[in-house]
S.K.: 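Structure provided below as structure tokens; questions to follow.
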There are 2 protein chains.
Amino acid sequence: MARRNTNRRVGIADVAEKAGVSHATVSRVMNGNAAVDPGIAARVRAAAAELKYQPNPVGRSLALGKTDTIGIVVPDLANPTFQAILRGLSIAAAQDGYRVLIADSSEVTSEEAILAGEARRRCDGVVLCAPRMGDAELEELAPTLHPLVLINRTTIATNTPSLSVDYGQGIQELAQHLVSLGHRRLVFLSGPEHSASNRQRLVGLDQFRKEHPEIELQMLPGGSNFDSGHECTDAIIASGGTGILAFNDLVAMGLLSGLHERGIRVPEDISVTGFDDIPFAKYTTPPLTTAAVPINELGSLAWRRMREQIQQTGDAPAQAQDEFSPRMEIRKSTAAPALKPA
Amino acid sequence: MARRNTNRRVGIADVAEKAGVSHATVSRVMNGNAAVDPGIAARVRAAAAELKYQPNPVGRSLALGKTDTIGIVVPDLANPTFQAILRGLSIAAAQDGYRVLIADSSEVTSEEAILAGEARRRCDGVVLCAPRMGDAELEELAPTLHPLVLINRTTIATNTPSLSVDYGQGIQELAQHLVSLGHRRLVFLSGPEHSASNRQRLVGLDQFRKEHPEIELQMLPGGSNFDSGHECTDAIIASGGTGILAFNDLVAMGLLSGLHERGIRVPEDISVTGFDDIPFAKYTTPPLTTAAVPINELGSLAWRRMREQIQQTGDAPAQAQDEFSPRMEIRKSTAAPALKPA
DNA sequence: ATGAAAGCGCTAACAC
DNA sequence: GTGTTAGCGCTTTCAT
């Protein structure tokens with residue numbers, strides 16, 4: 001035997017004994033599965049209530065082969081974007097009686113696969129959020145994780161549902177916005193090297209360059225958080241650019257703060273754009289022009305895609321590839337550039 | 001029987017068969033428990049590797065009576081403070097091989113007990129974060145949840161460990177700071193009614209009033225997020241106060257934004273303080289003076305307290321009541337008031 | 001050192 | 001309609 005019977009929690013057997021029926025009958029009334037004599041059912045319910053019996057989910061999980069839990073692995077729980085996704089996912093899943101187990105890889109790429117695998121074993125499915133791992137590894141991992149939902153990343157081989165944002169288009173629209181305001185010298189403050197979404201922005205900007213050969217567009221290495229934006233302040237000033245495309249809102253906010261410290265006015269002297277439209281973006285001074293990603297929808301849609309797979313009775317997969325287009329949010333951090341003395 | 005044997009994942013039985021040993025032996029080598037013949041052990045490990053066998057955690061949990069998972073229930077996952085606690089908890093727990101299951105009560109007080117109970121059944125313990133429920137209910141619930149860690153809330157009867165922040169002291173220091181700058185008309189923008197931490201601030205301010213009868217201190221109803229701060233802008237202006245104590249940083253930021261829109265300068269015309277020192281606080285314009293709560297420590301300490309209970313071999317409880325004192329973070333949103341024309 | 005078997009708490013097939 | 005029993009995948013006692 002496994003454990004001694006000392007101070008066990010109340011189990012189905014206790015209820016059965018008190019109601020004078022078998023385990024099976026108790027199980028039946030608790031789950032409302034088969035038809036049970038109303039009188040007996042009442043007796044069982046009374047016993048259960050009196051003993052404050054609550055079925056043990058671990059036992060149920062083992063018997064049913066499902067845990068009613070899904071896992072999510074994110075690169076960094078400190079990032080507002082991932083927090084919002086987690087929140088949307090958690091709330092949507094809860095509505096269907098599912099819970100979520102979290103795993104933070106802390107941007108350690110090599111941990112992602114392990115965490116995802118562990119999560120999958122404990123859960124009925126996994127959502128992988130902006131995984132940093134290489135394509136080959138992802139391709140190999142994906143089938144072992146099914147049901148799987150991918151966010152901000154796609155797989156070609158396996159047809160797992162994915163949600164993505166058209167960062168390339170968004171950054172182009174932002175650049176276009178600056179140009180139409182009159183800016184001719186743009187700077188892109190880029191994000192983490194291994195970020196797929198950064199690569200998409202880069203591709204979008206290449207496209208932009210082709211369409212606007214007359215515009216100067218510099219690239220500056222950056223990061224993904226406040227501090228990287230703040231640290232780039234001097235490089236930005238030195239660049240001579242008047243329209244700055246920050247990798248995301250966090251970076252833009254760091255930059256805003258740095259420029260403010262140097263006495264450079266936004267948007268009078270320099271225009272700054274962000275990306276994501278995190279909740280704080282409209283409260284910066286000045287409020288940030290950005291490309292809004294429907295971050296709350298992402299989480300809830302991720303759940304819907306997961307649910308579709310979990311409930312799938314076995315027929316055709318028909319995995320969806322959802323792509324969101326960011327929505328321009330023009331606020332006060334962008335304006336026409338000052339007329340240059342030169 | 002429960003499920004049909006169709007497409008089952010690889011289990012301990014498969015490894016046992018392949019290695020030509022019993023389940024028990026496989027279990028032994030997987031857990032390194034009893035001494036196993038090195039040759040057999042190697043064979044088992046080879047078989048396990050070849051089959052990519054990973055023990056099923058649900059089966060283990062049932063046998064072991066533990067899940068290596070803890071639950072956390074928070075009132076609102078959108079709140080940066082709770083996000084930070086969740087993050088700290090998750091990272092600390094992960095270091096010890098534990099995962100965390102989240103439950104968001106969405107500020108629905110009546111859901112808290114249910115969510116906590118469900119979480120507890122699936123996990124080895126629960127941390128209850130700033131529960132909104134009444135004292136009586138908490139008192140009754142606490143024993144059924146053990147092991148339990150309370151954050152921002154204490155229980156008298158049961159001796160469950162709790163982590164709290166001395167909000168009363170923090171708000172007094174903030175008020176003191178404003179007074180020493182020369183402010184004589186203060187306003188407190190209060191938080192949610194059922195928030196225990198709001199009550200603590202109120203108590204602290206009562207104390208402050210006694211010590212400073214010469215200072216005018218008004219109370220204005222507010223909330224806990226950006227929008228409530230923003231909405232209070234006109235009321236603040238109308239109040240005639242020059243030193244504003246916002247319930248927290250979020251509220252302060254909303255207010256900052258509202259004041260900026262009305263052309264009121266901070267800190268020249270009005271000084272504003274926040275509370276918590278969320279990551280964004282030092283990037284507002286102007287950077288926010290606030291009382292810093294060691295929010296990352298809270299999460300990791302919560303885990304330590306939980307671990308102490310889980311590992312407790314049965315001896316004396318000795319439950320800790322940890323109280324943190326906020327640290328003043330004087331930045332640029334507070335200054336001496338302008339000399340009044342009157 | 002190893003295998004057989006019991007048991008963790010539950011659900012469901014089967015027999016009555 | 002209800003009880004009996006097998007089985008979910010694992011750990012651990014007990015006997016060898």
Side-chain angles (χ1 to χ4, degrees), chain A residues 1-45 47-48 51-68 120-124, chain B residues 1-44 47-48 51-68 118 120-124:
Chain A
M1 77 192 59
R3 251 191 325 167
R4 286 274 164 275
N5 279 9
T6 80
N7 67 29
R8 215 183 53 249
R9 290 178 101 81
V10 24
I12 201 171
D14 303 292
V15 181
E17 188 183 15
K18 189 174 193 85
V21 296
S22 71
H23 324 248
T25 300
V26 176
S27 172
R28 282 192 268 259
V29 343
M30 294 306 289
N31 296 289
N33 282 341
V36 178
D37 178 275
I40 305 236
R43 234 165 61 218
V44 169
R45 261 187 283 274
L51 295 172
K52 291 194 205 301
Y53 167 69
Q54 302 281 149
N56 177 332
V58 181
R60 290 196 91 226
S61 292
L62 189 57
L64 293 171
K66 68 196 201 80
T67 60
D68 291 352
R120 180 59 187 86
R121 251 165 276 134
R122 299 189 125 78
C123 302
D124 299 344
Chain B
M1 80 191 59
R3 251 190 328 165
R4 288 270 163 279
N5 279 9
T6 80
N7 67 28
R8 215 182 52 248
R9 290 177 101 79
V10 24
I12 199 171
D14 303 292
V15 181
E17 188 184 15
K18 189 174 193 83
V21 297
S22 70
H23 325 249
T25 300
V26 176
S27 172
R28 283 193 267 259
V29 343
M30 294 305 290
N31 295 290
N33 281 341
V36 179
D37 179 275
I40 305 234
R43 235 164 61 217
V44 169
L51 296 172
K52 292 192 204 303
Y53 167 70
Q54 302 281 150
N56 176 331
V58 181
R60 290 197 90 224
S61 291
L62 189 58
L64 259 22
K66 68 196 201 81
T67 60
D68 290 353
E118 277 187 355
R120 179 58 186 86
R121 251 165 276 133
R122 298 190 125 78
C123 303
D124 299 343

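Each chain gets a letter, A, B and so on, in the order the sequences are listed, and its residues count up from 1.
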S.K.: May I ask you to evaluate whether S22(A) reaches the phosphate of dT4(D), defined as a side-chain N or O under 4.0 Å from OP1 or OP2?
M.R.: no
S.K.: Roughly how many Å is it from CD1 in I12(A) to P in dG3(D), rounded to a whole number?
M.R.: 12 Å
S.K.: How bent is the helix from dA1(C)-dT16(D) to dC16(C)-dG1(D), measuring the angle between the end axes built from five pairs each, rounded to 10°?
M.R.: 50°
S.K.: Of the candidate nucleotides dG9(D), dT11(D), dT11(C), which contains the atom at the shortest distance from the side chain of L64(A)?
M.R.: dT11(C)
S.K.: Please give, in whole Å, the distance from dT11(C) P to L62(B) CG?
M.R.: 12 Å
S.K.: Please determine if a side-chain N or O atom of T25(A) lies less than 4.0 Å away from the OP1 or OP2 oxygen of dT2(D).
M.R.: no
S.K.: If I take atom CZ in residue R121(A) and atom P in nucleotide dC10(D), what distance separates them, rounded to the nearest angstrom?
M.R.: 11 Å
S.K.: Just by modelled atom types, is the N33(B) backbone N or O under 3.5 Å from a matching donor or acceptor in the N31(B) side chain?
M.R.: no
S.K.: Without decimals, in angstroms, what is the distance between M30(B) CE and dC10(D) C1'?
M.R.: 11 Å
S.K.: Can you find a donor-acceptor N/O pair under 3.5 angstrom joining the side chain of R28(A) to the base of dG3(D)?
M.R.: yes
S.K.: Measure from the side chain of N56(A), starting at C-beta and using heavy atoms only, and say which of dT11(D), dG9(C), dA1(C) lies closest.
M.R.: dG9(C)
S.K.: Rounded to whole Å, please give me the gap between CZ in R9(B) and P in dG7(D).
M.R.: 22 Å
S.K.: Provide, to the nearest angstrom, the distance between the CD atom belonging to E17(A) and the C1' atom belonging to dG9(C).
M.R.: 16 Å
S.K.: Where do L51(A) and K18(A) land on the side chain to side chain contact (heavy atoms under 4.5 Å, CB included) test, with the steps shown first?
M.R.: CA-CA 9 Å; L51(A) 295 172; K18(A) 189 174 193 85; 3.8 Å; yes
S.K.: Which one, dC8(D), dC10(D), dG3(C), comes nearest to the side chain of Y53(B)?
M.R.: dC10(D)
S.K.: Of V29(A), V44(A), V21(A), which is the lone residue that meets side-chain contact (heavy atoms from CB on, under 4.5 Å) with V36(A)?
M.R.: V29(A)
S.K.: State which of dC10(C), dT2(C), dC10(D) makes the closest approach to the side chain of A63(A).
M.R.: dC10(C)
S.K.: With a 4.0 Å limit, can you tell me whether N33(B) has a side-chain N or O closer than that to the phosphate oxygens OP1/OP2 of dT11(D)?
M.R.: no
S.K.: Which part of the nucleic acid does V21(A) contact within heavy-atom distance under 4.0 Å: base, sugar-phosphate only, or nothing?
M.R.: sugar-phosphate
S.K.: Taking CZ from R60(A) and P from dG9(D), how many angstroms apart are they, rounded to a whole number?
M.R.: 17 Å
S.K.: With respect to the side chain of A35(B), which nucleotide from dT2(C), dG3(D), dA1(C) is positioned closest?
M.R.: dA1(C)
S.K.: In whole angstrom, what separates D14(B)'s CG from dC10(D)'s C1'?
M.R.: 13 Å
S.K.: Could you tell me whether the side chain of R122(A) and the main chain of T67(B) form a donor-acceptor pair under 3.5 Å?
M.R.: yes
S.K.: Would you indicate what S27(B) reaches in the nucleic acid, counting non-hydrogen atoms under 4.0 angstrom: base, sugar-phosphate, or nothing?
M.R.: base
S.K.: Is there side-chain contact between V58(B) and R60(B), with at least one heavy-atom pair below 4.5 Å?
M.R.: no
S.K.: Test side chain to side chain contact (heavy atoms under 4.5 Å, CB included) on V26(A) and R28(A); report intermediate values, then the result.
M.R.: CA-CA 5 Å; V26(A) 176; R28(A) 282 192 268 259; over 6 Å; no
S.K.: Given the rule in the side chain to side chain contact (heavy atoms under 4.5 Å, CB included) test, do I12(B) and Y53(B) qualify, once you have shown the distances and angles that lead to the verdict?
M.R.: CA-CA 8 Å; I12(B) 199 171; Y53(B) 167 70; 3.6 Å; yes
S.K.: Tell me the closest heavy-atom pair linking R121(B) and P55(A), and the distance in Å.
M.R.: CD-O, 3.7 Å
